[in-house]
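In what follows, every chain begins at residue 1, and chains take the letters A, B, ... in the order their sequences are listed.
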Amino acid sequence: MPELPEVEVTRMGIEPHIKQHKVTNIIIRNGRLRWPIPEQINELIGQTIEQVGRRAKYLLIESEAGTAILHLGMSGKLCVVPKETEILKHDHVDIEFDNQMILRFNDPRRFGAVLWQSCDEPMHSVLVHLGPEPFDPVFTGDYLYQLSRDKKSSIKQFIMDNKIVVGVGNIYANEALFKAGIHPKRPAGNISKKRYQQLVPIIIETLQRAIEQGGTTLKDFAQADGKPGYFAQELLVYGRKGLPCVNCEQILDEIRLGQRSTVFCKNCQK
DNA sequence: AATGGGGCCTGATAGC
DNA sequence: TGCTATCAGGCCCCAT
């Protein structure tokens, strides 16, 4: 399941193949994704890709006319393949380029999205309300502490809230809270400034390390060249329910928070 | 205003 | 064996 590191790894994987190349055609085999793919996506045809950016978990394929906004949802994958490459099940969208390559979007669960942001439109609604990037200097312990005052919801749901900070999904929230020794169920408003100052660098380092390792491959994720990511072997709690804690050997517990699997060590996380 | 839950989807797996 | 039920979960949106 692509979170920020997986999206960033995908961005780095595809950019060299499509940057400064012209879009020659777009083929939509199934446009019924999370939202219908808008007709205006065809404004990208004839455009040269200036760069591939990222905002939160959205990939931004930028041109002079506008930006294609792609989201991988739960099961989406992007790869760059030569024209004539066999079309597989769930290959919903092809963006063809003048170098005879195709950017191909595959998404079994269709929770992903392909949207269009014309250069003369205001910022797309999916991007407007996003909080800061975790690597943005404004994302500090003090920042989290200030926003968390009076918040009754759990710390885990708090750091997974895109209005607070983007890109921290379920896997990395579990991991970061374990490393910080914070119980995932603790109300965000009851956590001290000092602990937020410990937590924030841990979130940043966890995400950075995952990017270096090519992301986390559980079932779905693959890098743009088809290789898996290698961060899964560094996961300390996610997916380890019932196994011993790496610190104290206490058996790890699993609860559900906001309908999401939450694994933690009741001994190490308070 | 803040918070919790539903719904979108398919594939893998568990259970009968 | 082959069916059905359950779970995975990012994110918008609606109800409370």
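Between A/H90 and the phosphate of B/dC9, there is no side-chain N or O to OP1/OP2 separation shorter than 4.0 Å. Side-chain nitrogen and oxygen atoms of A/K163 include none within less than 4.0 Å of the OP1 or OP2 phosphate oxygen of B/dA2. For A/Y238, a side-chain nitrogen or oxygen approaches OP1 or OP2 of C/dG9 to under 4.0 Å. Considering only side-chain N and O atoms, A/K152 lies nowhere under 4.0 angstrom from the phosphate OP1 or OP2 of B/dT3. Here A/R34 does not reach the OP1 or OP2 of C/dG10: none of its side-chain N or O atoms lies under 4.0 Å away. Residue A/H71 places no side-chain N or O under 4.0 Å from the OP1 or OP2 atom of C/dG10.
Counting non-hydrogen atoms under 4.0 angstrom, A/R32 reaches nothing in the nucleic acid. Residue A/F158 is classed as having no contact, given no heavy-atom separation below 4.0 Å to the nucleic acid.
Of the listed nucleotides (B/dT3, C/dC11, C/dG10), C/dC11 has the atom at the smallest distance from the side chain of A/N162. Candidate nucleotides B/dG11, C/dG9, B/dT3 were compared by shortest atom distance to the side chain of A/K151, and B/dT3 ranks first. Out of C/dG10, B/dT10, B/dG11, the shortest distance to the side chain of A/R109 is found at B/dT10. In this structure, of B/dG5, B/dG4, C/dA8, it is B/dG5 that holds the atom nearest to the side chain of A/Q259.
Side-chain contact, A/E64 with A/T48: no donor N or O sits under 3.5 Å from an acceptor N or O.
Among pairs with a residue in residues 176-193 of chain A, none fulfils salt bridge (Lys or Arg N to Asp or Glu O under 4.0 Å), at least two apart in sequence or across chains.
Where A/F111 and A/Y58 meet DNA chain C, the nucleotide closest to each residue was compared, and A/F111 sits on the side nearer the 5' end.
When the P atom of C/dG9 is taken as reference, atom CG of A/L72 falls 17 Å away, rounded to whole Å.
In this structure, A/F178 belongs to a hydrophobic cluster whose other members, linked by side-chain heavy atoms under 4.5 Å apart, are A/L236, A/V237, A/V246, A/L252, A/V263.
With A/N99 contributing its side chain and A/I18 its backbone, the two residues share no donor-acceptor pair below 3.5 Å.
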